[in-house]
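Data block below; observations after.
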Amino acid sequence: MDEGLRSELSKAGVFTTSLNELYNWGRKNSVWPLQFGLACCAIEMIAASMARFDIARFGAEVFRPSPRQADLMIVAGTVTKKMAPQVVRLYNQMPEPKYVIAMGACAISGGPFKQGYNVLKGIDRYIPVDVHIPGCPPRPEALLHALMTLQKRIEEQALTGETRPRHLDANQPSEFPIPAFGAHDLEPPSNPAIWSPPKTDRGC
Amino acid sequence: MQALQGFSQEENPYIFLAVFLVAAAVFAVTPLALAALWAMKYSPRKSGPSKNAVYECGLESKTQDWVQFKSDYYLYGIIFLVFDVEVIFLLPFAVAFKTLPVGAFVAIMIFLLLLVEGLVWAWRKGVLNWK
């Protein structure tokens with residue numbers, strides 16, 4: 001619909017919308033997170049859900065204890081290599097459409113444990129992350145900002161066409177390969193379909 | 001007008017019940033049908049082995065998901081009900097005992113007999129022995 005016409009109509013008191021907008025409006029205002037925490041970031045996530053920060057203002061207060069009822073996975077904390085397969089499996093068990101917020105330095109990159117042998121260097125190696133939050137730990141405001149960012153992204157998703165999101169495309173996978181414990185590392189060490197090592201241009 | 005006469009409230013007081021029945025069915029089925037239509041048109045099914053797994057806490061189940069539960073406790077619960085119901089009915093019976101007619105006495109005795117019968121049956125089946 002033409003934006004000018006829409007603004008004219010809204011001035012005249014006529015509200016117009018499209019099926020796509022209605023669908024996204026409903027989805028973005030009822031993002032139900034999965035209730036699980038991996039490390040200290042989870043404490044900030046809990047704080048964000050309590051009265052002072054009140055994540056309920058964004059329709060995301062219904063923390064579900066089962067992946068079958070959740071839309072959003074907040075990876076709050078250090079993902080150890082022992083825990084990574086379980087996190088991926090939980091993600092696989094969530095129904096579509098599903099989103100991931102990687103919360104804190106550990107979840108996005110390994111954080112202070114990046115050089116350690118037992119910590120995954122970012123959960124985006126195995127599952128598609130929608131919003132990354134830096135910080136150690138991020139304040140509840142940062143989590144709220146991530147949620148708002150996610151809501152904006154949901155709002156912009158197309159219902160049809162080539163740019164439609166994964167959950168509306170029958171050819172896109174809904175489950176991602178679960179890594180297994182190998183002799184030295186997780187196998188495979190990353191999912192090449194969604195993550196590749198950043199290329200560094202050393203100029204030589 | 002003549003055809004509608006049969007549906008008036010005076011002639012058929014159950015007409016509201018029928019209307020409620022239909023409204024309830026429509027109310028329940030419409031969202032489901034809309035969701036099914038939506039899924040057909042826009043959002044394809046996305047199932048997979050993890051999603052269809054019985055266990056849902058991130059770990060894989062190590063054994064068969066279909067297990068047999070010991071039904072002993074359930075049987076005890078059923079038999080407890082015999083005593084439970086007995087007490088509830090016996091107390092007012094005992095309180096009003098002196099003023100009761102013979103018919104009421106016989107009725108409560110039949111009721112007790114039915115309950116005791118159940119207990120004896122369970123006893124003879126060996127349900128009261130914890131194995």
Side-chain angles (χ1 to χ4, degrees), chain A residues 18-24 26-27 34-38 64-71 73 75 79-80 82-98 123 126-128 157-161 164-181, chain B residues 16-81 84 127 130-131:
Chain A
S18 65
L19 193 61
N20 189 7
E21 278 172 17
L22 205 63
Y23 176 58
N24 287 344
R27 288 190 314 129
L34 182 59
Q35 186 179 32
F36 85 113
L38 296 172
R64 304 312 296 183
S66 161
R68 314 239 198 253
Q69 304 162 354
D71 309 307
M73 174 182 251
V75 184
V79 188
T80 57
K82 186 147 192 173
M83 197 63 191
Q86 276 72 260
V87 174
V88 176
R89 194 173 288 114
L90 279 176
Y91 178 76
N92 285 348
Q93 287 177 339
M94 284 162 61
E96 297 281 354
K98 51 191 171 188
I123 191 64
Y126 291 116
I127 55 179
Q157 285 186 330
L159 194 54
T160 49
R164 69 187 187 280
R166 194 186 66 246
H167 73 276
L168 298 176
D169 191 346
N171 300 321
Q172 296 277 328
S174 124
E175 296 210 356
F176 288 83
I178 298 165
F181 301 124
Chain B
F16 275 113
L17 217 56
V19 170
F20 270 122
L21 212 63
V22 171
V26 168
F27 190 76
V29 169
T30 307
L32 292 175
L34 281 178
L37 275 177
W38 183 273
M40 255 197 294
K41 178 97 174 69
Y42 294 112
S43 106
R45 276 177 178 281
K46 298 260 186 180
S47 72
S50 292
K51 205 176 271 180
N52 294 336
V54 175
Y55 207 41
E56 55 180 39
C57 80
L59 296 166
E60 265 183 314
S61 45
K62 296 286 178 200
T63 52
Q64 268 275 305
D65 296 319
W66 296 97
V67 294
Q68 285 186 326
F69 278 102
K70 207 176 169 188
S71 66
D72 281 13
Y73 177 72
Y74 157 76
L75 288 172
Y76 265 94
I78 291 276
I79 292 168
F80 164 74
L81 210 67
D84 203 30
V127 173
W130 188 273
K131 287 184 284 289

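In what follows, chains are A, B, ... by sequence order, proteins preceding strands, each numbered from 1.
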What part of [X] is in contact with chain B, defined as an atom under 4.5 angstrom from a non-hydrogen atom: side chain, backbone, both or neither?
X     : result
A:P97 : neither
A:Y23 : side chain
A:S66 : both
A:P65 : neither
A:M94 : backbone

Is there a side-chain contact between B:Y42 and A:L19, using heavy atoms and a 4.5 Å cut-off?
-> yes

Quick one: does B:K51's side chain get under 4.5 Å of A:S174's, heavy atoms only?
-> yes

Output the distance between atom CD (A:Q86) and atom CD (B:E60), rounded to the nearest 0.5 Å.
-> 9.0 Å

Count the heavy atoms belonging to other residues, nucleotides or ligands that lie under 6.0 Å from CD of A:Q172, then report whether that count exceeds 12.
-> yes

If you draw a 6.0 Å radius around OH in B:Y55, do more than 12 non-hydrogen atoms from other residues or ligands fall strictly inside?
-> no

Grab the two heavy atoms, one from B:C57 and one from A:L90, that are nearest each other, plus how far apart they are.
-> C-CD2, 3.7 Å

Contact winner vs chain A - B:S47, B:S43, B:G48, heavy-atom pairs under 4.5 Å = B:G48

Check the pair A:E96 / B:K46 against salt bridge (Lys or Arg N to Asp or Glu O under 4.0 Å), numbers first and verdict last.
-> CA-CA 7 Å; A:E96 297 281 354; B:K46 298 260 186 180; 5.2 Å; no

For A:Q93 and B:S50, run side chain to side chain donor-acceptor pair (under 3.5 Å): C-alpha distance rounded to whole Å, both residues' side-chain angles, the deciding distance at 0.1 Å, then the answer.
-> CA-CA 6 Å; A:Q93 287 177 339; B:S50 292; 5.6 Å; no

